[in-house]
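Structure first, commentary second.
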Amino acid sequence: MSHDHSLNPETMPQEPEKATLEGKNKFLGLWFFLGGETVLFASLFGTYLALRNSTANGPTAQDLFGLELVFIMTMLLLTSSLTSVYAMYHMKNNDFKKMQLWLGITAFLGIGFLACEIYEFYHYIHEYEFTFRSSAFGSAFYTLVGFHGGHVAFGLSWLIAIMVRNAKRGLNLYNAPKYYTFSLYWHFIDVVWVFIFTVVYLMGKVG
Amino acid sequence: MSIAAAQKKGFGAFIWDYLTTVDHKKIAHLYLVGGGFFFLLGGLEAMFIRIQLIKPENDFLSAGLYNEMITMHGTTMIFLAAMPLLIGLMNAIMPLQIGARDVAFPFLNSLGFWLFMFGGILLNCSWFLGGAPDAGWTSYTPLSTQSPGHGVDFYVLGLQISGAGTLMGGINFLVTIVTMRAPGMTYMRMPLFTWTTFVTSVLILFAFPALTVGLFLLMFDRMFGSAFFDVALGGNAVIWQHLFWIFGHPEVYILILPAFGVFSDILSTFSKKRLFGYTAMVFATILIAFLGFMVWAHHMFTVGLGPVANAIFAIATMAIAVPTGIKIFNWLATMWGGSITINSAMLWSLAFIPSFTIGGMTGVMLASAVADYQYHDTYFVVAHFHYVIVGGVVFGILAALHYWWPKLFGKILNEAMGKWAFWLFFIGFHLTFFIQHFLGLMGMPRRYWVFLEDQGLDTGNLVSTIGALLMGLGGLIFVINIIYTAFKGENASGDPWDGRTLEWAIPSPPPFYNFKQTPLVRGLDPLWIEKTEGKGEMTGAEPIGDIHMPDGSILPFIMSIGFFIAGFGFIYQTDQKAWLLAVFAGMGIALLCMLIRSLKDYHGYHITKEELEREAD
Amino acid sequence: MPDNTNTNSFQKQKNKDEMKKQLISFALMIGFTIIAFAIVAAEVMDKMFAVPLLLVLAVVQVAFQFYYFMHMKDRGHEFPAMMIYGGVWAAVLTIAALVAIVWW
Amino acid sequence: MKGWMGKVKSVFLLSLLALVLAGCGKENLTAFVPKGYGAESSMNLIILSSLIMLFVFIIVFLVYVITLVRFRKKKGQEDFVPKQVEGNKTLETVWTVIPIILVLVLAVPTVAATFDLADESGAKDGINIDVTGNQYWWHFSYAGEEIQTSQDLYIPTGEKVYLNMQSSDVIHSLWVPSISGKMDVSPENENTMYIEANEEGVYWGKCAELCGPSHSLMDFKVVAVSPEEYEQWVEEMKKVDPEAQPQDAVAQDGKAAFEENNCMSCHAIGSSPAAVGPNLTNFGDRSKIAGILEPTKENLVQWIRDPESIKPGNKMTGNYPELSEEEASNIAEYLLQLQPSEITPESAGN
Ligand code: HEA
Ligand code: HEA
Ligand code: CUA
Ligand SMILES: [Cu+2]
């Protein structure tokens, strides 16, 4: 009954992530968690929207935001969403090597995104003296975007941990759910980012 | 670990067993002990409050201490007593009711408990470290951001940590109910307690994140100089109120719905009838939960949101009377035509009906926005919510404890003491809180450290205090009953009450794998069906076979200690940056545990068929 | 179990088709993103129109993520879908509260 | 509707009167005896909702008692197994529909009253008073007249008085139970409400939102006088000369001490808007010291020397030099002589 053995194409079920009870549980548990995360981010978005004009004579959204960097970040994260889809595609086809490869690309893109974000924050703080404490707008901006960044960072550590852990073992029914739940989480992060670039940056630019 | 080895062990092994357990029944014990302890603490705080208010301008407590007392009373009772006791009951009973061997995430279950426990301990450490939080359990900004000392910091981190535990509990129950029901246990055959566990968990899932965010914002403002609630920098204090109540109102249904489930099961068992209007009961539960998300601003009628918002929220709030009424009448109809046995469990349930009805109706009175301009923040509100909380939730917990004690611990609570405790508590309860409705309208706002002489408030407060002391006495007898039962109690059979649901189909206390064979469910009240059709016991849905059990783990305990340490670090780094070390160390411990957890494989172990068969005789 | 496994050529084909759909949705998402950025960068549109349009574009994109990338449209996703709808419902209320009635 | 409501109301009020006479509730404090527009509005709804609730409770309780009496397990019938009833459509419909109707009956007047009390269309031409809530005292600034008072709010009877309220620190809530419901006073937004007193009198006001240790001591008074008296009071208040020397020597010493001991940095006499502490222009007319103490000299001396013992956490403590008994006593004498007007809480019936 142990699910530990590496799978060969003969024994690979169609949905390895949900083939065991543990897998099913993880799958549902993560989805439910995402339901909760929706409210979490909604509360942050709501706070941001309520405070986005409370700049207390500090820099405003129009002063700060540049579209180029945000566009690059968006492309990085969106693409990483696609690469993780590819990874899951190869998981279904039981091609462990390709799965790891695509996940590696995902991680790479994620790191790129995070680097851009760090650069962006650094830039605001040093060029504009716009900090967490400048105004209610500053607090809300860094909190919302920072929470998302924190999620990305956590996702990356998670991804790297399972990739390294399973590198030598290959795919099995015990770790397939872990990969799959990671990919769901990663997509969700992308969803949040879509709203961030829309609500924070684009709407901020529009005014 | 084989079954026999579990019997005789030293004290150290006993403790170790509980620290590492992932068995839902043992975790339930932990929750009950933890929640019970905090309930006593909260009760003690209530006694101090009432003693302070026994006469006008009393000086039993100082002004600052009084505010700490009410804040800790409210916070402790809601977050550390009522909720954990309910979660404990859910843990103990829900898996049994659906015929499961365990919950979906045993590890998370244990982690949830330890987070709750260490969050609670962290919060209460404030008493010894310069003062407890003093801005009310609602912690309205900017009072809470301006509150000096570290009191409110303890509130923020204590609740953040224990809240994370609760959220895990909620997700765990949801997945358990979705994936682990026994064959034949369809959704519309689940006992009401399981249903309310399910709906409550949904509420937890959607309500707690708002609190999480609120607490983060408060934490950032207090500890890292952000400006969410700082008017000078453009902040807005009302954001906190919205976030708090978007969480807070669903929270009160998180408390009451499980109690509703308890009463549904008990009333039907002791009336020997199936629950009247089962389908309506289920839908009423869901409807209450749904509406519960749309009414939070009824706590904010006097904030000045304007007439449109006030009118909408007034009507939405009143609407909840309808599904709740459906429940009340269905319970009455369940008893109607039945054969009613009255014992302690039933006494608490019967007392619930009129008491809660009063509380619910004062709730509807509060919902009438313009009337609330008078009631708001007075003792009328205090009376309302103690009627629903004590008369609903606390009665529910006590009823459940009497009802399921045999299942939990294999002993029956003493009936005579049960009745004494009940009557004292019941009479004390009405004495304490009924008169508070009038006190409120007579001009006594809540959270008043003293009331002045010559305002006509003396008699009412005296009566209220006397009532509270009676409740204290009742509580004391209940505690004595527990101790007495532990040593001298009558042993219980598997089915002492002629029960109807699956938990009564197995021995008391249940073996750690619960069901030797997963039962086959053939309808609502499965055990009752088997009884009336002459068999008297459940049929297995599968032949006896190996049972897969999860591994115990100490990681949840250590991880929670990590967060606990980090909590202290966060609180004190405002005084001294060196405390950041504690933050890093604590978080490091927690993250390391997470890493170990995800890198190490946990395959559990199997109880073999042979062992099970040996056990049978 | 055999027809449940992925050696099944029918299954393989299905996975491929699925992947194709996902590629298309990715292309659309990128497209929407570019449109959104273009609207803002070009500064041609009035705020009154731009903001709702941006929001619509975002919602559509997110729907792609959920339904295609995360398979919420597939069988066996009834509960996930329910929970996300529930979360969205609570989210909408929360945002409405904080946007509309905080500054009353 | 009106007549019917009126009758019910008078019966209800009579029984309430009995309650009040029995020692429950202090006149001009209790919400049970409304003496102003807002309080009456609320009271109507309180009565209506109480009646609905009484009706529901009686039904529930009757069914409950009958059930318990009739269906308790009987001796000798221990084995009786009742019929397992699944439900009953008609019954279930009845107890869904009736509560809906009852709720609607309550909802309609609630909405009407909510909009009525929020109607501020008269504010432009009416009397406007700016209210500031402070940890633990109230300040009132009469718009259009150069008048400031603290702790005592003067209003004319029979007229809507519009209050524009804001806090200088944390959230407070202004409540005068017998003439009006409450409204929060918050630091970021100005909240408005109107109050209207039907009869002359001095009404107790309270702070209803937790605002710190002395939240329970943040009382104030609403002094409702006839419109003519109000006019007179306004005139007299305007005439106050902050520099005026008191008559007797003790009070003169007191004035000097008041000026020497830093009191003026927080307290103003006259119409200059004081920020940190209460305006003391008509201090001698007050019915209470600091909102709660009887206005005797001993009490005042104690307040001046050690306010902390009276209102824990107040913002006066420790911000001025320590005073000797004599200095304090002189200051007290001076302050108690600040009586600019004939129209006082006493004359209004306290
Ligand atoms: C278990 C907890 C619990 C429960 C179940 C409820 C239930 C309800 N509550 Fe309560 N409430 C609290 C806990 C709870 N409350 C707490 C803790 C506070 C204060 C928080 C704080 O400020 O610290 C509070 C405060 C509170 C307020 C704000 C008061 C204020 O601060 O000014 C309001 C206002 O509308 C309110 C309304 C209601 C209503 C309408 C219900 C309804 O759900 C009740 C429905 C039930 C019935 C109506 C009875 C049965 C029905 C019938 C028999 C049918 C027929 C009935 C009719 C036709 C009316 N509650
Ligand atoms: C679950 C919630 C809960 C419960 C049960 C209670 C129970 C009680 N409460 Fe309280 N209360 C609140 C929640 C609760 N309260 C909240 C949220 C507030 C608002 C706080 C704020 O303003 O911020 C409040 C405020 C509040 C006030 C108003 C304070 C003020 O505004 O100034 C008062 C005053 O009388 C009061 C009294 C009491 C009393 C006498 C009890 C009694 O019923 C207590 C009786 C209990 C005991 C004496 C303990 C008995 C022990 C046992 C039975 C042992 C069990 C052991 C095991 C299982 C092992 N409470
Ligand atoms: Cu001001 Cu309470
Ligand atoms: Cu509520």
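For the numbers below, each heavy atom of this structure counts, side chains included, while hydrogens, waters and symmetry mates do not. Convention: sequence-line order gives letters A, B, ...; per-chain numbering from 1. Since the structure is predicted, the reported quantities are computational estimates derived from the model, not experimental observations.
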Could you tell me which non-hydrogen atom of B:D134 sits nearest to which non-hydrogen atom of D:L210, and how far apart they are?
O-CD2, 4.0 Å

With a 4.5 angstrom heavy-atom cut-off, is it the side chain or the backbone of D:L217 that approaches chain B, or both, or neither?
side chain

Residue from D:W175, D:F80, D:F61 scoring the most non-hydrogen pairs under 4.5 Å with chain B is D:W175

Ranked by heavy-atom pairs below 4.5 Å to chain D, first place among B:T145, B:T532, B:I315, B:D454 goes to B:D454

So which part of D:I171 gets closer than 4.5 Å to some heavy atom of chain B, the side chain, the backbone, both or neither?
both

Would you call D:K182-B:D377 a salt bridge at under 4.0 Å N-O?
no

For the atom pair CD (B:E57) and CD1 (D:I292), what is the distance rounded to the nearest 0.5 Å?
7.5 Å

Of the listed B:D498, B:L452, B:N310, the one with the largest count of heavy-atom pairs under 4.5 Å with chain D is B:L452

So which of B:Y448, B:W528, B:W449 has the biggest tally of heavy-atom pairs under 4.5 Å with chain D?
B:Y448

Got D:V56 and B:M361 here, is their nearest side-chain heavy-atom distance under 4.5 Å?
yes

Flag yes if more than 12 heavy atoms outside D:E86 fall under 6.0 Å of its CD atom; otherwise flag no.
no

May I ask you to name which of B:A319, B:G440, B:A232, B:P445 has the most heavy-atom pairs under 4.5 Å with chain D?
B:P445

Could you tell me if the side chain of B:L457 sits less than 4.5 Å from the side chain of D:K26, heavy atoms only?
no

Criterion side-chain contact (heavy atoms from CB on, under 4.5 Å) on D:T67 and B:I340, from CA distance to verdict:
CA-CA 9 Å; D:T67 315; B:I340 303 172; 4.2 Å; yes

Can you say whether B:A369 sits under 4.5 Å from chain D via the side chain, the backbone, both, or neither, judging by heavy atoms?
both

Do other residues, nucleotides or ligands put more than 12 heavy atoms under 6.0 Å from the CZ atom of D:F115?
yes

Region of B:L524 that comes under 4.5 Å of a non-hydrogen atom in chain D
neither

Can you tell me which portion of D:P312 sits under 4.5 Å from chain B's heavy atoms? Options are side chain, backbone, both or neither.
side chain

Contact check, side chains of B:Y373 and D:S41, non-hydrogen atoms, under 4.5 Å:
no

By a 4.5 Å heavy-atom criterion (distance strictly below it), what part of B:T138 contacts chain D: side chain, backbone, both, or neither?
neither

Could you check B:L441 against D:T30 for side-chain contact (heavy atoms from CB on, under 4.5 Å), going step by step and ending with a plain yes or no?
CA-CA 6 Å; B:L441 284 174; D:T30 170; 5.5 Å; no

If you look at every heavy atom in B:T302 and D:M183, which pair is closest and at what distance?
O-SD, 3.5 Å

Based on non-hydrogen pairs under 4.5 Å, which of D:S178, D:S49, D:P99 is most in contact with chain B?
D:S49

Need one label for D:E209: side chain, backbone, both or neither, based on atoms under 4.5 Å from any heavy atom in chain B.
both

Which answer fits B:Y375, side chain, backbone, both or neither, if we ask what part of it has an atom under 4.5 Å from a heavy atom of chain D?
both

Cut-off 4.5 Å, heavy atoms of chain D, and the answer for B:A135 is backbone

Check each atom of D:Q84 against the heavy atoms of chain B and say whether the ones under 4.5 Å are side chain, backbone, both or neither.
both

Sort D:S180 into side chain, backbone, both or neither according to what part of it lies under 4.5 angstrom from a heavy atom of chain B.
backbone

Quick one: of B:H376, B:R274, B:M444, B:R446, who has the most non-hydrogen atom pairs under 4.5 Å with chain D?
B:R274

Heavy-atom closest pair (D:E188 atom, B:G235 atom, distance to 0.1 Å) is OE1-O, 4.0 Å

B:M442 side chain reached by D:L29 side chain, heavy atoms, under 4.5 Å
no

Which is it for D:I52 and B:V364 under the side-chain contact (heavy atoms from CB on, under 4.5 Å) test, yes or no, and what are the steps along the way?
CA-CA 10 Å; D:I52 296 176; B:V364 176; over 6 Å; no

Partner of D:V63 under side chain to side chain contact (heavy atoms under 4.5 Å, CB included), chosen from B:L332, B:I353, B:I328
B:L332

Look at the side chain of B:N67 and the backbone N and O of D:G212, then say whether any donor-acceptor pair between them is shorter than 3.5 Å.
yes

What I want to check is whether the side chains of D:W204 and B:Q455 have a donor and an acceptor closer together than 3.5 Å.
no

Identify which part of B:D525 has an atom lying under 4.5 Å from any heavy atom of chain D, answering side chain, backbone, both or neither.
neither

Counting heavy-atom pairs under 4.5 Å to chain D, which of B:G325, B:A311, B:P354, B:A63 comes out on top?
B:P354

Side chains of D:T114 and B:V308: closer than 4.5 Å at any heavy-atom pair?
no

Do B:N330 and D:E92 pass the side-chain contact (heavy atoms from CB on, under 4.5 Å) test, and can you show the C-alpha distance, the side-chain angles, and the key distance before you say yes or no?
CA-CA 8 Å; B:N330 275 323; D:E92 292 182 43; 4.3 Å; yes

B:T341 and D:K73 side chains, donor-acceptor separation under 3.5 Å:
yes

Reference residue B:W336; test side chain to side chain contact (heavy atoms under 4.5 Å, CB included); the match among D:V85, D:L91, D:I66
D:I66

Cut-off 4.5 Å, heavy atoms of chain B, and the answer for D:K83 is backbone

Between B:Q374 and D:M43 (side chain of the first, backbone of the second, donor and acceptor by atom type, cut-off under 3.5 Å), is there such a pair?
no

Largest heavy-atom contact set with chain B, pairs under 4.5 Å, which of D:V185, D:D169, D:V176, D:I100:
D:I100

At a heavy-atom separation under 4.5 Å, does D:N88 approach chain B through its side chain, its backbone, both, or neither?
both

Are B:M318 and D:L106 side-chain neighbours, meaning at least one heavy-atom pair lies under 4.5 Å?
yes

Side-chain donor or acceptor of B:S368 paired with backbone N/O of D:L45 under 3.5 Å:
no

Taking the side chain as C-beta and beyond, is there a heavy-atom pair between B:Y140 and D:V170 under 4.5 Å?
no

Could you tell me which of D:S173, D:P82, D:A31, D:G181 has the largest number of non-hydrogen atom pairs under 4.5 Å with chain B?
D:P82

Considering only heavy atoms, which portion of B:A237 lies under 4.5 Å from any heavy atom of chain D: side chain, backbone, both, or neither?
both

Within the structure provided, determine whether B:T378 and D:K206 are in side-chain contact (heavy-atom separation under 4.5 Å).
no

When the 4.5 angstrom heavy-atom criterion is applied to D:Y64 and chain B, the contacting part is both

Residue from D:C207, D:A39, D:G313 scoring the most non-hydrogen pairs under 4.5 Å with chain B is D:C207

